[in-house]
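Side chains included, hydrogens not; waters and symmetry mates left out as well; all remaining heavy atoms used. None of these values were measured; they are calculated from a predicted model.
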Amino acid sequence: MMADATDELRTLVNGYQLTQAIHVMVELGIPDLLAEAPRSATELAQTVNVNKDALYRVMRALATTDVLEESSDHRFALGRLGQLLPADRERSLAPWAAFAGSPAHWQAWSNLSHSVSTGETAFKFTYGVDVWEYRRQRPDQSRAFDASMAAQTGAAIGPIVDAYDFRRYGVVADIGGGNGALLAAILRATPQAHGILFDQEHVVAGAPLVLEAAGVADRCAIVSGNFFESVPGGADAYLLKWIVHDWQDREAVAILDNCRTAMADDGRVLIVEREIGAPNEGAAAKWADIQMLAMAGGRERTRQEFEQLLARAGLRLVSVTPTSSSFVVIEAARA
């Protein structure tokens, strides 16, 4: 029993090794090659021009985790979990693996102790600026982050649209809506509705292609701006997906207050976030909260904390709709 517990704890302690091993596989494009056919490490090493012995050793280790599978003749295939790593898969986690293992992200997490000691973000302590300014100065980092968010949005879209009834809204504004993938899915599900996609100019640059591919471009306006200053008026519902958790209460209230100001008297604010649950439960929300502590400076919240936040912005909680993912849809109206 003790030996089993020791091995289990050692696996957790060494989790950083697994993060980097998966990151390297994604950076080399190994999952995409294995999606075509099983291959040996020697074949793969020749294709991607790396050391065959080192590659084999990393892949052999990953084959103990369900990411890869190794046959008796030392050929590798994608394992059960590895099926989510090819870039062209519907719910691919490749962009997140590439981002989470990148030096900028990695080095910030190495200073988590600073966050615990001070309550400040490890990222700003490491780099001297917050994540938003850092990415603004480095377009490649911004693109990598946007790609990781788009991939995770893709995995969450179905559960959100299936769980919440958007048909009662004539105009839906997606605030901080990225490339418009979620709004496009909502508009496809509600043919009578129109949309407003709102985000920073460089973020919405790729939105026309997404909206056109979904066949909803003629029903969606694209507006760029800063949600701390104002948001477009004229919508019945203001959607905030993974926006509120990026910020501490003061900033979150400012965003919510701008949405309340812009919406009609009977309008709604819809917050899509993880909800912190009971003790010892809800790992996804609680680890996402540590990600916020270390990186962006925001936080995940309990239902009571959401109610308090809404009240400060002149809003009241109407309902919380669970989805088949780890996210909920929080509906709020004017207080």
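Applying the 6.0 Å contact sphere to CD of Gln304 captures no more than 12 heavy atoms from other residues, nucleotides or ligands. Heavy-atom neighbours of Asp53 CG from other residues, nucleotides or ligands within 6.0 Å: above the threshold of 12. For Trp132, the CH2 atom sits in a packed shell: over 12 heavy atoms of surrounding residues, nucleotides or ligands are nearer than 6.0 Å. Counting heavy-atom neighbours within 6.0 Å of Gln308 CD, excluding the residue itself, gives a total above 12. Annotation for Asn49: atom CG does not count as buried by contact number, only 12 or fewer foreign heavy atoms lying within 6.0 Å. In this structure, Arg57 places its CZ atom where only 12 or fewer heavy-atom neighbours from other residues, nucleotides or ligands lie under 6.0 Å away.
Side-chain contact between Tyr16 and Trp109 is absent, with no heavy-atom pair separated by less than 4.5 Å. Side chains of Ser224 and Asp199 form no contact here, defined as non-hydrogen atoms less than 4.5 Å apart. When side chains are defined from C-beta on, Ile255 counts as touching Phe228, because their heavy atoms get closer than 4.5 Å. Contact of the Ile157 side chain with the Val161 side chain is registered, since non-hydrogen atoms from C-beta on lie closer than 4.5 Å. Between Trp242 and Gln152 there is a side-chain heavy-atom pair separated by less than 4.5 Å. Residues Arg135 and Val131 form a side-chain contact, since some pair of their non-hydrogen atoms from C-beta on lies under 4.5 Å apart. Looking at heavy atoms from C-beta onward, Glu275 lies out of side-chain contact with Thr302 at the 4.5 angstrom threshold. Considering only heavy atoms from C-beta on, Asp265 comes within 4.5 Å of Arg334 through its side chain.
Judged by distance alone, the side chain of Ser110 and the main-chain N or O of Gln107 form a donor-acceptor pair under 3.5 Å. Side-chain atoms of Arg219 come within 3.5 Å of backbone atoms of Leu187 as a donor-acceptor pair (strictly under, hydrogens ignored). Formation of a donor-acceptor pair under 3.5 Å by the Asn14 side chain with backbone atoms of Gln17 is not found in this model. A donor-acceptor distance shorter than 3.5 angstrom exists from the side chain of Asp236 to the backbone of Val171, with no hydrogens or angles considered. Formation of a donor-acceptor pair under 3.5 Å by the Arg188 side chain with backbone atoms of Ala214 is found in this model. Judged by distance alone, the side chain of Glu120 and the main-chain N or O of His114 form no donor-acceptor pair under 3.5 Å. Between the side chain of Asp32 and the main chain of Ala87, a donor-acceptor pair closer than 3.5 Å is present. No donor-acceptor distance shorter than 3.5 angstrom exists from the side chain of Thr121 to the backbone of Leu293, with no hydrogens or angles considered. Not one N or O on the side chain of Arg299 forms a donor-acceptor pair closer than 3.5 Å with the backbone of His245.
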Trace of the side-chain contact (heavy atoms from CB on, under 4.5 Å) decision for Thr11 with Glu8: CA-CA 5 Å; Thr11 298; Glu8 186 175 352; 5.8 Å; no
Step-by-step side-chain contact (heavy atoms from CB on, under 4.5 Å) determination, Arg39 to Leu33: CA-CA 8 Å; Arg39 287 177 165 86; Leu33 294 170; 4.1 Å; yes
Assess whether salt bridge (Lys or Arg N to Asp or Glu O under 4.0 Å) is satisfied between Arg80 and Asp66, documenting all intermediate values. CA-CA 6 Å; Arg80 178 178 61 88; Asp66 270 354; 3.2 Å; yes
I'd like to know whether Thr126 forms a side-chain contact (heavy atoms from CB on, under 4.5 Å) with Phe123, so could you lay out the CA-CA distance, the side-chain angles of the two residues, the decisive distance to 0.1 Å, and finally the verdict. CA-CA 5 Å; Thr126 304; Phe123 192 96; 5.8 Å; no
Evaluate side-chain contact (heavy atoms from CB on, under 4.5 Å) for Glu212 paired with Asp218, printing each intermediate quantity in order. CA-CA 8 Å; Glu212 289 167 10; Asp218 61 331; over 6 Å; no
Taking it one step at a time, do Thr190 and Arg167 satisfy side-chain hydrogen bond (donor to acceptor under 3.5 Å, both in side chains)? CA-CA 6 Å; Thr190 55; Arg167 292 174 298 177; over 6 Å; no
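Within the model, atoms CG of Asn111 and OH of Tyr127 stand 8.5 Å from one another, a figure rounded to the nearest 0.5 Å. Taking CZ of Phe327 as the reference point, atom NZ of Lys241 lies at 8.0 Å (rounded to 0.5 Å). In this structure, Glu201 CD and Ile222 CD1 are separated by 11.5 Å, a value rounded to the nearest 0.5 Å. Taken from CG in Leu211 to SG in Cys220, the straight-line distance is 4.5 Å, to the nearest 0.5 Å.
Geometrically, Arg250 does not engage Trp247 in a cation-pi contact, judged by NZ or CZ lying under 6.0 Å from the ring centre and within 45° of the ring axis. Cation-pi geometry between Arg136 and Tyr134 is not met: the NZ or CZ atom fails to fall both under 6.0 Å from the ring centre and inside 45° of the normal.
At a cut-off of 3.5 Å, with distance as the only test, no side-chain donor of Ser230 or Asn258 sits close to an acceptor on the other residue. No side-chain N or O of Ser40 forms a donor-acceptor pair with one of Thr42 less than 3.5 Å apart. Between the side chains of Glu331 and Tyr164, at least one donor N or O lies within less than 3.5 Å of an accepting N or O.
The shortest heavy-atom contact between Leu270 and Ala237 is CD1-CB, 4.0 Å. Of all heavy-atom pairs spanning Leu85 and Ser92, the tightest one is O-OG, 3.6 Å. Between Val269 and Cys259 the shortest heavy-atom distance is CG2-CB, 4.0 Å. Minimum interatomic distance between Arg301 and Phe306 (heavy atoms only, all atoms of both residues): O-CE1, 3.5 Å. Looking at every heavy atom in both residues, Leu28 comes nearest to Val48 through O-CG1, 3.4 Å. Taking every heavy atom of both residues into account, Ala294 and Ser115 meet most closely at CA-OG, 4.0 Å.
When each of Ile243, Val329, Leu239, Leu310 is paired with Ile271, the side chain to side chain contact (heavy atoms under 4.5 Å, CB included) condition holds for Leu310 and for no other. Across Glu69, Glu70, Glu43, a single residue satisfies salt bridge (charged side-chain N to carboxylate O under 4.0 Å, His left out) together with Arg75, and that is Glu43. With His105 as reference, Gln291 is the one residue of His23, Gln141, Gln291 to meet the side chain to side chain contact (heavy atoms under 4.5 Å, CB included) rule.
Cluster membership check: Met59 shares its hydrophobic cluster with Val24, using side-chain heavy-atom separations under 4.5 Å among Ile, Leu, Val, Met, Phe, Trp and Tyr.
Between Asp7 and Arg10 there is a salt bridge, with a side-chain nitrogen of the basic residue lying less than 4.0 Å from a carboxylate oxygen of the acidic one. Under the 4.0 Å criterion applied to side-chain N and carboxylate O atoms, Asp140 and Arg138 are not assigned as salt-bridge partners. Here Arg260 pairs with Asp257 in a salt bridge; the nearest charged N to carboxylate O distance falls below 4.0 Å.
The aromatic ring centroids of Phe145 and Phe99 lie less than 6.0 Å from each other.
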